Trainee: 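Okay, here's the structure, questions in a sec.
Order of the sequence lines sets the chain letters (A, B, ...), proteins ahead of strands, with each chain counted from 1. These numbers were taken from a predicted model, which means no experiment stands behind them.
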There are 2 protein chains.
Amino acid sequence: MQELDQYIQSYFGLEEHEIATIQQLFKPETLKKHDYYLKMGRACERLSFIRSGYLRIFVTQADKEVTQWISTQGYFVTDLSALIFNTPARWHIQALSDTELFTISKSDYQSIGDLIPRWHQLEKLFIAKCFGMLEERVFSLLSMSAEDRYKLLLDTNPALLNEVPLQYLASMLGMSAETFSRIRRKMMEA
Amino acid sequence: MQELDQYIQSYFGLEEHEIATIQQLFKPETLKKHDYYLKMGRACERLSFIRSGYLRIFVTQADKEVTQWISTQGYFVTDLSALIFNTPARWHIQALSDTELFTISKSDYQSIGDLIPRWHQLEKLFIAKCFGMLEERVFSLLSMSAEDRYKLLLDTNPALLNEVPLQYLASMLGMSAETFSRIRRKMMEA
DNA sequence: GCATGAAATTGACAAAAGTCAAGAATTTAG
DNA sequence: CTAAATTCTTGACTTTTGTCAATTTCATGC
């Protein structure tokens, strides 16, 4: 669980013994491609760190499916609202590939604050960081064209383009698969 | 400061004496219409609760201006990332009308955690709630047409339509002022 | 109250993005 | 390795949304 250590360290800046305490609460878990990690409407009973693989967060509504995000190695995944507020999960989370996770149960997650006094404060900072990133994303959706959003993805997360079905990336960027494909060609030619 | 009390109470669920402690740290402040509360690039030195009035959060880039959000009575306003991480403010915040605030300085804000042990935990929940709302907003931008986004605003925040310049609402919804105007007419006629 | 400036509306047009359908390419399962 | 299924690409066309410019409406300061 070396990688989990390192990420917790880099995200939260805890002492060694605190990291050890938290780390013990995470258990290895694997998902096969196409397995669901979470289903919309269900309770969200866990939080996971992605050791390897790709998870797609998406919503189904009426006829169409909207991919909200694709989470990858080195990131956490859950429905935070559902986990914290005990509300029904707002989306599906499904493995796009065989995936290795380190998973903490809701009850163990809730106990961290008792074990490590600084935890709530550090987690607050972590969530605030995520909040700031989402604000940037809203901004990109408000102000950028489809082509610019594509370029932004290319800059910030080029690995994704080779690893997951492009239709999901298109949806995540708020455009149709056809538009995505045409932008892609345009970029190749230029 | 009755209204501040009530909001802190409803948001955070603290004891009376805890609320009193926090409330003392907030000082009344007023802004004239068009005054800036915060300027992009500057340090963000405070957090405020809006007692009355409207504040516009926006970014200027190249030629155009993008309104990220308009904050109103009963909500908090700041650049959270800039406040917490001591980074330059990412946007302007300007009063759209004469505005009354209750304001806490950065240093007092940072001291709350020492005064009220549960604070970090409660604030974590508050920020997580905001995060969840922002996730919903991303979803609306990914999946809804301009017309549907207009209707959503009409449903969730009808008061705004009478109180602030429509061009800013248009921008906040990710459409041009002209499109906004045409949708409006269409809705009137129907 | 009136003059000025800002905001909103409207029309004509242009550009961006979506839809549908067909076919090519790639991936997957046996 | 092959057949089937899925994904990606492409063209033709439609719809949505944006842009520009002209007017009208509204707000503001004197």
Trainee: Give a yes/no on whether any side-chain N or O of A:Thr179 is located under 4.0 angstrom from OP1 or OP2 of C:dG18.
Mentor: yes

Trainee: What's the CD-C1' distance between B:Glu178 and C:dA8, to the nearest Å?
Mentor: 9 Å

Trainee: Assess, by modelled atom type and distance only, whether the side chains of B:Glu29 and B:Tyr37 contain a donor and an acceptor separated by less than 3.5 Å.
Mentor: no

Trainee: Send over the distance from B:Met188 CE to D:dT25 P, rounded to a whole Å.
Mentor: 14 Å

Trainee: Provide, to the nearest angstrom, the distance between the CG atom belonging to B:Asn162 and the C1' atom belonging to C:dA7.
Mentor: 15 Å

Trainee: To the nearest Å, how far apart are B:Phe180 CZ and D:dT19 P?
Mentor: 17 Å

Trainee: Figure out the CE/P separation between B:Met144 and C:dG18, and round it to whole Å.
Mentor: 16 Å

Trainee: Would you say the ring centers of B:Phe26 and B:Phe49 fall short of 6.0 Å from each other?
Mentor: no

Trainee: For B:Lys106, does the NZ atom sit with more than 12 other heavy atoms under 6.0 Å from it, leaving out its own atoms?
Mentor: yes

Trainee: Could you give the CD-to-C1' distance, from B:Gln167 to D:dT19, as a whole number of Å?
Mentor: 16 Å

Trainee: Taking C-beta and beyond as the side chain, do B:Glu15 and B:Arg118 meet within less than 4.5 Å on heavy atoms?
Mentor: yes

Trainee: Could you state the atom-to-atom distance from NZ of A:Lys186 to C1' of D:dT9 in whole Å?
Mentor: 17 Å

Trainee: Does D:dT28 have OP1 or OP2 under 4.0 Å away from a side-chain N or O of B:Lys33?
Mentor: yes

Trainee: Compare the minimum distances between each of D:dT9, D:dG18, C:dT9 and the side chain of A:Arg184, then state the nucleotide with the smallest one.
Mentor: D:dT9

Trainee: Counting only side-chain N and O atoms of A:Arg185, is one of them less than 4.0 Å from OP1 or OP2 of D:dT9?
Mentor: no

Trainee: From C:dT10, D:dT9, D:dT17, pick the nucleotide closest to the side chain of A:Ser181?
Mentor: D:dT9

Trainee: Quick check: do B:Glu65 and B:Thr60 have side-chain heavy atoms less than 4.5 Å from each other?
Mentor: yes

Trainee: Strictly below 4.0 Å: does A:Arg182 bring a side-chain N or O up to OP1 or OP2 of D:dT10?
Mentor: no

Trainee: Measure from CG on A:Leu166 to C1' on D:dT9 and round the result to the nearest Å.
Mentor: 11 Å

